Amino acid sequence: MSSPSDLVLSAEGLQQSFAVARSVAGRTKGWLRVLRGVSLELARGEIFGLAGESGSGKSTLGRILAGIDRPLGGRLLLGGRDVFGDRLENSLLFKRTVQMVFQDPSSSLNPRRTTGQTLEVPLQVLRLARGQRSARVAELLDLVELDPRYALQYPSTLSGGQKQRVALARALALNPQVLILDEPTSALDVSVQAKIIKLLLRLRSQLGLSYVLISHDLSLMRNVADRTSVMYLGRIVEAGPTPRIFQGPQHPYTQMLLAAVPTLTPDEEALKPAKVQPVGEIPSPSRIPSGCSFHPRCPFAMPVCSDQAPPAVPKGEGQFAECHLGVPAGRA
Ligand SMILES: Nc1ncnc2c1ncn2[C@@H]1O[C@H](COP(=O)(O)OP(=O)(O)O)[C@@H](O)[C@H]1O
Ligand SMILES: [Mg+2]
């Protein structure tokens with residue numbers, strides 16, 4: 001584990017719920033429990049991968065980590081300071097430290113602004129002179145490998161990859177330390193995806209950035225994340241150094257996800273964990289199953305699994321899994 005001074009961001013027990021459809025009388029009919037106690041630590045220069053099926057709460061977590069939404073419970077610490085407790089969430093310090101990049105650059109860029117105008121928005125807080133502002137815009141375009149002439153172009157004239165470069169440049173405008181990347185390549189053509197990933201890796205070393213990389217693409221995770229975590233119904237059910245997660249997944253849910261990843265060679269196929277066949281689909285967060293929330297879909301479920309939430313069982317080298325299978329007898 002890294003020493004506390006290496007930590008740029010940490011989350012402790014984050015909770016988030018959304019009210020579902022209100023009745024005519026205005027009463028809330030129920031709650032979606034989307035985050036149910038999520039903790040994580042992000043070290044300087046690290047890529048922390050967050051995987052899991054659609055609906056597991058990844059984007060909700062990303063928005064809280066980026067300070068866009070306030071959680072219902074738990075704490076977010078930036079450089080040791082409690083972000084929401086200190087009412088810092090709208091402060092310059094926060095905006096400068098953490099930025100988010102969304103999946104679809106077409107909807108995250110304003111179609112009526114040129115690239116230059118888009119990049120100038122975050123720079124407004126710096127109250128730069130016009131010359132300094134355009135110099136910074138040119139610098140940002142250069143960082144994301146776009147020709148300066150793109151400053152005058154509107155999003156409609158840019159390709160998907162170019163738009164995502166502009167979104168990235170905008171996120172970098174105030175020199176953040178952390179980027180929350182929410183499926184940053186999922187909306188792009190395969191050939192473009194690799195170029196954006198290469199750019200992200202270069203920017204990380206050049207600028208000393210840390211990333212929370214949200215993706216359901218496990219091959220990407222395997223290639224770029226230092227640590228990988230797996231979310232299921234609002235909890236991180238397994239996390240650890242990426243090679244350990246891919247070579248020795250401990251949670252049946254992680255095993256199920258990995259069994260579905262396509263492999264290129266028979267050698268890779270042989271290394272895969274024994275096939276764990278998924279049962280059914282991910283339930284709605286309005287009906288979280290009792291005990292281990294994965295138990296209705298788990299081929300190894302035991303009586304205890306529907307009864308008690310499993311503890312996080314350490315597996316060595318920082319890997320843990322929330323599963324009763326790994327709990328030593330007598331501890332459950
Ligand atoms: N603002 C919101 N209001 C109500 N429900 C929401 C809101 N945001 C997300 N949800 C619900 O929370 C669950 C998790 O969503 P999300 O965080 O987007 O998951 P993921 O990114 O893993 O696909 C989903 O069931 C989604 O419908
Ligand atoms: Mg999402």
Side-chain angles (χ1 to χ4, degrees), residues 11 13-23 26-40 42 47-74 76 84 89 98-108 160 164 167-168 171 178-188 193 196 200 211-221 224-225 227-239 245 251 253-254 256-258 260-261 278 280-289 293-294 296-297 322:
L14 292 178
Q15 308 260 357
Q16 189 70 303
S17 297
F18 298 110
V20 278
R22 289 166 196 277
S23 67
R27 291 234 176 91
T28 295
K29 280 186 178 165
W31 292 89
L32 293 182
R33 297 178 58 211
V34 176
L35 297 181
R36 301 181 296 124
V38 174
S39 303
L40 61 89
L42 181 67
I47 300 183
F48 181 90
L50 188 62
E53 280 167 292
S54 176
S56 53
K58 304 182 299 296
S59 295
T60 301
L61 174 61
R63 292 173 65 85
I64 292 173
L65 297 179
I68 298 170
D69 293 336
R70 174 182 276 267
L72 222 56
L76 178 62
F84 295 108
E89 71 270 36
V98 189
Q99 283 288 322
M100 188 153 180
V101 176
F102 299 92
Q103 171 172 355
D104 184 5
S106 301
S107 55
S108 69
Q164 197 58 311
L168 197 53
V178 178
L179 293 186
I180 312 295
L181 304 164
D182 192 355
E183 309 267 7
T185 58
S186 308
L188 306 174
Q193 288 180 2
I196 297 289
L200 285 168
Y211 298 151
V212 173
L213 174 65
I214 299 174
S215 179
H216 63 265
D217 181 347
L218 288 165
S219 313
L220 171 66
M221 211 55 97
V224 308
R227 278 191 297 150
T228 293
S229 62
V230 177
M231 241 183 138
Y232 189 74
L233 284 178
R235 283 192 71 81
I236 292 180
V237 296
E238 177 160 12
I245 296 293
H251 198 289
Y253 180 59
T254 313
M256 185 188 104
L257 289 180
L258 290 185
V261 180
E281 289 186 355
I282 186 167
S284 156
S286 63
R287 289 184 301 276
I288 305 274
S293 55
F294 186 61
R297 300 176 73 190
E322 290 189 337

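Note that the coordinates shown come from a computational prediction; the quantities given were computed from them, not determined experimentally. As a basis for the values below, the full set of heavy atoms in this structure was taken, side chains included, without hydrogen atoms, waters or symmetry mates. All ligand and atom numbering here is 1-based and tracks the order in the structure.
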*Would you call Arg297-Glu53 a salt bridge at under 4.0 Å N-O?*
yes

*asked:* We want to know whether Thr254 and Glu238 form a side-chain donor-acceptor pair, criterion being a heavy-atom distance below 3.5 angstrom.
replied: yes

*Would you say Gln16 and Leu72 make side-chain contact, with heavy atoms under 4.5 Å?*
yes

_Any residue meeting salt bridge (Lys or Arg N to Asp or Glu O under 4.0 Å) with Glu183, in chain and number order, not counting sequence neighbours_ = none

*asked:* What does the 4.0 Å heavy-atom contact list look like for ligand 1?
replied: Phe18, Leu32, Val34, Glu53, Ser54, Gly55, Ser56, Gly57, Lys58, Ser59, Thr60, Pro285

*Matching residue for Leu61 among Asp182, Val34, Leu40 - test: side-chain contact (heavy atoms from CB on, under 4.5 Å)*: Leu40

*Looking at side-chain heavy atoms only, is the closest gap between Arg33 and Ser17 below 4.5 Å?*
yes

*Check ring-ring contact (aromatic ring centres under 6.0 Å, His included) between Tyr232 and all other residues, then give those that pass, not counting sequence neighbours.*
Tyr253, Phe294

*Does any non-hydrogen side-chain atom of Gln103 lie less than 4.5 Å from one of Ile214?*
no

*asked:* How close do Gly57 and Leu35 get, counting heavy atoms only, and between which atoms?
replied: O-CD2, 3.6 Å

_Sum of protein N, O or S atoms, each under 2.8 Å from the Mg ion (ligand 2)_ = 1

